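Just so you know, ligand 1 is whichever comes first in the structure, and atom 1 is the first atom listed for that ligand. Since the structure is predicted, the reported quantities are computational estimates derived from the model, not experimental observations.
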Amino acid sequence: MRTYPQRAAIRHGVRLLILSGALALPALGQDPTLALTPPMGWNSWNHFACKVSDAVVRAAADAIASNGMKAAGYTYVNVDDCWQGERDAKGVIHPNERFPDMKSLGDYIHSKGLKFGIYSSPGPNTCANFEGSWQHEEQDAQQYAAWGVDYLKYDWCSADHVYTDDQMPAAYKKMHDALVRTGRPIVLSLCQYGIAAVWRWGASVGGNLWRTTDDIRDDYISMSAIGFMQNGLEKYAGPGHWNDPDMLEVGNGKMSHEEYRTHMSLWCILAAPLLSGNDLSKMEPVDLEILTNREVIAVDQDPKGVQGHRIWEEGPYEIWMKPLADGSAAVGFFNRGEGMDHTDRLTLQLKDIGITGPATVRDLWAHRDLGQFTGSFTAEVPTHGVVMVRIH
Ligand code: GLA
């Protein structure tokens, strides 16, 4: 797999380019009903990478439709990189031998009441060096629509070989406009790792979501670094356009269940897209339970569409809050400390979330009402763990 200079630049902390004038680009004709809450579904990349195939994707659709995930809100079944084959003499893109018939795959996913997602790049090649959409945007958008695609992840990758950074918004808008011209509502997911403060202009070029960071890995350090650095981006998210701190790693096996609960809780407080990235055909019941916790998902999918933010921190302890449509607040107590088998007490002053009288508190992981509290509420939080509550 190639390393592109742009990504190396991010890793080395090069100053972000702020693109002046990008906000002037109108996102014409976008379907106003798309992604009113953060998209939920599955994506092949985190677990399968280039071992993805038609059979893998059908198995994921089967699992979502039957294991409770669809009922919990998971909808999109997204093929990431590595599905592409060659273009024919007319420039039409064809899948590779692992995907015999994309239309039939789309039909299969739709027959389960689910939606079909695909992946490409504005550059000549994708990050795994397959064919990108450069100079074929219109043709590819038409092809995706003919296959029944409902979601496109559009990944910068080699685009920096053919565009400068200040052409980035226009490159994304080009595909957005091509998708609109198909007449099919297709969610557009921008993936360029947070370059050039994409949150400031992603919506204006028609993005329904945009990655705010480099790729997540299945470990606490990566997940927590990404998740907790989202603070401050909340003003850019809302119905139809979301910050995307990357896909879920729950169930991939390298974090503890406590850490996966932290991952899920934080993503839901962030109103992040919830794209599971594990092998759904071989899931531990506890991972399924984490991914389908309806009370936690309700926080993510709350119709008010406000991304949460940090309201308190002290050393490794953080408290985050997300205001909800019914006037309640979701609150996450996080312990980022390193002591093994250790629990620490974190206290929220209720006035910090605007509550002066008595408040009722419900634990969203224990599914238990904890009673009434006045003045403050204290949670006992294990190392790398979370307590997530809803406060009225
Ligand atoms: C980039 C993206 C990942 C994934 C891979 C595929 O690294 O950030 O999410 O799509 O490309 O090659």
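- Only one option out of Pro122, Ser189, Cys191 pairs with Tyr154 in a side-chain contact (heavy atoms from CB on, under 4.5 Å); it is Pro122.
- Side chain of His384 to backbone of Asn335: no donor-acceptor contact under 3.5 angstrom is found.
- Across the listed options Asp215, Asp81, Asn129, Asp215 owns the non-hydrogen atom lying nearest to atom 8 (O) of ligand 1.
- The closest approach between Asp155 and ligand 1 falls below 4.0 Å for a heavy atom of the residue.
- For Cys191, every heavy-atom contact with ligand 1 shorter than 4.0 Å involves the side chain, none the backbone.
- Between Tyr317 and Trp312, the angle of the ring planes stays under 30°, which puts this pair in the parallel group of the 30/60° scheme.
- Note: no N/O pair closer than 3.5 Å links Trp45 and ligand 1 by distance alone.
- The salt bridge (charged side-chain N to carboxylate O under 4.0 Å, His left out) analysis of residues 75-91, with sequence neighbours excluded, yields the pairs Asp80-Lys153, Arg87-Glu131, Arg87-Asp140.
- Residue pairs meeting the side-chain hydrogen bond (donor to acceptor under 3.5 Å, both in side chains) criterion with at least one member in residues 289-298, sequence neighbours excluded: Glu295-Arg362, Glu295-His367.
- Every atom of ligand 1 with a heavy atom of Lys153 under 4.0 Å away is listed here by number and element: 3 (C), 4 (C), 9 (O), 10 (O).
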